Every structure is written in C-alpha cells, then in structure tokens.
K.L.:
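Structure below; questions to follow.
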Amino acid sequence: MQIAKDRGEPPFLVLCDGIEDPHNLGAILRSALLCGAHGVIIPRRGGVGVTGTVMKSSAGAAARIPVARVANLPQAIRDLKKQNIFVYCADLGGAPLEKTDLSGPVALVLGSEGSGVSQLVKKLCDGVVRLDMAAQGTGVDSYNVSVAAGIILYEIQSQRAAQNA
C-alpha cells in the first residue's frame, strides 16, 4: 500500500488463491510487475511459494515486486475491503471484463489451475469478471491462469492509464 501512496496511485494488487504451478506463478508475477501492480499476495499454504523456478520463470520480476505470504487469504481480502479496495476475482461466471470499471483501487484474485477461485474467496469478492472466448464448444473451456492474468492485468493497466490521461 505504501508503494501506491508513494506513487500517488490507487492501490492495485494481485491475489493468488492456490496457484500450484511455479511457472504460472512466475508468469503472473512478471505480468503484475509490467502492468503496474503494487504487490502480490499469496497464501502460506495451499499454493506454491517463491521458489527458484518461480524466480526464473518470472524473468526476475519476483525479486522486484513485493510478494506477501499470508496465513489466511479470506482475512486478507476482508482487510483490503476495509481500506476501500474493490476486490474482483476471475471466473467463467462473471461479468465481461471490458464492461467492468477497474480503474480505481483494485485487487484481482486469480484461482488455482484445477478448481479456480475457492467458494469462500469468491463470496468475499465485490465482483467477478470473465474473459470472453471465441472458440466455444472446443473442449477447451478456459484460459491458462497465467494467460488470463496477463490479459486482465493489461486491461486494468489500460483503464488506469486512460483515467489519468
């Protein structure tokens, strides 16, 4: 949060709910850094930590963006909401990304590769966003979590830049 204050920007955070593949976490950290996020929150248990593989796949971003490990992700979300940060999660049942205002204080929750965002975490979120897909009915029903992260984080960066233009 201090980074956002120092830059004179509304907070922009990424939360990972059970990301298990270190390559995915590395790619998420890289996209988060490049899209201007102020930090990433990961759980102490129930997901990968910042390992050598994560560092390598993040191209060094894991050493440049603050990563907080928390004991309780739902409590972290409650704390963010008390600070007037709107918390959104990515899920197939959400509102279209491009129709959601993500330009203010925002946190994005990304779910695990297998089961997505947990039900408790989803209930705590202020909103749910989805990425539309052109190839319906192909048997491939979602983007890889790190790809989805890159797309959504870029949209957040674009909306924030447009608001400041």
Side-chain angles (χ1 to χ4, degrees), residues 1-19 24-44 46-47 50 58-59 61-113 116-133 142-165:
M1 302 299 240
Q2 189 59 45
I3 294 170
K5 286 181 184 175
D6 291 347
R7 293 182 189 167
E9 299 170 349
F12 175 13
L13 300 166
V14 178
L15 289 77
C16 296
D17 184 14
I19 302 296
N24 282 336
L25 181 59
I28 291 167
L29 293 172
R30 185 175 183 171
S31 292
L33 178 69
L34 294 176
C35 290
H38 300 112
V40 177
I41 299 172
I42 61 175
R44 281 197 189 115
V50 179
S58 76
R64 292 183 176 87
I65 190 165
V67 178
R69 294 198 78 175
V70 297
N72 187 318
L73 199 59
Q75 186 57 49
I77 292 170
R78 289 183 194 100
D79 292 344
L80 291 173
K81 290 172 70 167
K82 286 178 188 172
Q83 297 175 54
N84 296 317
I85 297 172
F86 289 89
V87 181
Y88 293 90
C89 68
D91 188 78
L92 294 174
L97 176 64
E98 66 278 1
K99 294 184 180 177
T100 306
D101 181 3
L102 301 166
S103 61
V106 67
L108 173 67
V109 181
L110 301 161
S112 74
E113 296 87 349
V117 177
S118 66
Q119 287 304 311
L120 174 58
V121 167
K122 192 187 296 186
K123 283 181 189 177
L124 291 170
C125 291
D126 296 305
V128 181
V129 296
R130 76 165 189 268
L131 293 172
D132 291 328
M133 297 171 278
S142 67
Y143 291 94
N144 170 283
V145 67
S146 63
V147 171
I151 296 167
I152 298 168
L153 294 173
Y154 185 81
E155 176 65 18
I156 293 170
Q157 173 196 4
S158 295
Q159 287 188 21
R160 291 164 68 94
Q163 188 174 47
N164 292 329

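No experiment lies behind these values; they were computed from the predicted model shown.
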K.L.:
Might you point out which heavy atoms bring I28 and S146 nearest each other, and give the distance in Å?
P.N.:
CG1-CA, 3.9 Å

K.L.:
Any heavy-atom pair between the side chains of L80 and L15 that's under 4.5 Å?
P.N.:
yes

K.L.:
Taking atom CZ of F86 as the centre, does the number of heavy atoms from other residues, nucleotides or ligands within less than 6.0 Å exceed 12?
P.N.:
no

K.L.:
Please identify each residue that fulfils salt bridge (charged side-chain N to carboxylate O under 4.0 Å, His left out) with K5, with sequence neighbours left out.
P.N.:
none

K.L.:
L92: which residues meet the side chain to side chain contact (heavy atoms under 4.5 Å, CB included) condition with it, sequence neighbours left out?
P.N.:
M133, S142

K.L.:
Looking at V128 and Y88, what are the two nearest heavy atoms and their distance?
P.N.:
N-CD2, 4.2 Å

K.L.:
N84: what forms a side chain to side chain donor-acceptor pair (under 3.5 Å) with it, not counting sequence neighbours?
P.N.:
none

K.L.:
With a 4.5 Å cut-off on side-chain heavy atoms, are V87 and V121 touching?
P.N.:
no

K.L.:
Which atom names give the shortest non-hydrogen contact between L102 and V106, and what distance separates them?
P.N.:
O-CG1, 3.8 Å

K.L.:
Output side-chain donor-acceptor pairs under 3.5 Å for residues 31-42, partner residues at least two apart or in another chain, one line each.
P.N.:
from : atom 1 : to  : atom 2 : distance (Å)
S31  : OG     : A27 : O      : 3.3
H38  : ND1    : F12 : N      : 3.0
H38  : NE2    : E9  : OE1    : 2.6

K.L.:
With sequence neighbours excluded, what pairs up with Q2 under the side chain to side chain donor-acceptor pair (under 3.5 Å) test?
P.N.:
D6

K.L.:
Can you tell me how far apart CD (E155) and CD (Q157) are? Round to the nearest 0.5 Å.
P.N.:
10.0 Å

K.L.:
Any side-chain heavy atom of R160 within less than 4.5 Å of one from P10?
P.N.:
yes

K.L.:
What pairs with N164 under side chain to side chain contact (heavy atoms under 4.5 Å, CB included), at least two apart in sequence or on another chain?
P.N.:
none

K.L.:
Quick one: CG on L108 to CD1 on I156, what's the gap to the nearest 0.5 Å?
P.N.:
5.0 Å

K.L.:
Measuring from D126:CG to T100:OG1, what's the distance to the nearest 0.5 Å?
P.N.:
12.0 Å

K.L.:
Only counting residues at least two apart or in another chain, list the ones meeting salt bridge (charged side-chain N to carboxylate O under 4.0 Å, His left out) with R130.
P.N.:
D132

K.L.:
side-chain hydrogen bond (donor to acceptor under 3.5 Å, both in side chains): which pairs involve residues 61-72, sequence neighbours left out?
P.N.:
none

K.L.:
So how far is it from L120 CG to L73 CG, rounded to the nearest 0.5 Å?
P.N.:
9.0 Å

K.L.:
Tell me whether D17 contacts the main-chain N or O of S118 through its side chain, where contact means a donor paired with an acceptor under 3.5 Å.
P.N.:
yes

K.L.:
Report the residues that fulfil side chain to side chain contact (heavy atoms under 4.5 Å, CB included) with Q119, sequence neighbours left out, ordered by chain and then residue number.
P.N.:
K122

K.L.:
Which residues satisfy the side chain to side chain contact (heavy atoms under 4.5 Å, CB included) test with S158, sequence neighbours excluded?
P.N.:
Y154

K.L.:
E98: which residues meet the side chain to side chain donor-acceptor pair (under 3.5 Å) condition with it, sequence neighbours left out?
P.N.:
none

K.L.:
D79: what forms a side chain to side chain donor-acceptor pair (under 3.5 Å) with it, not counting sequence neighbours?
P.N.:
Q75

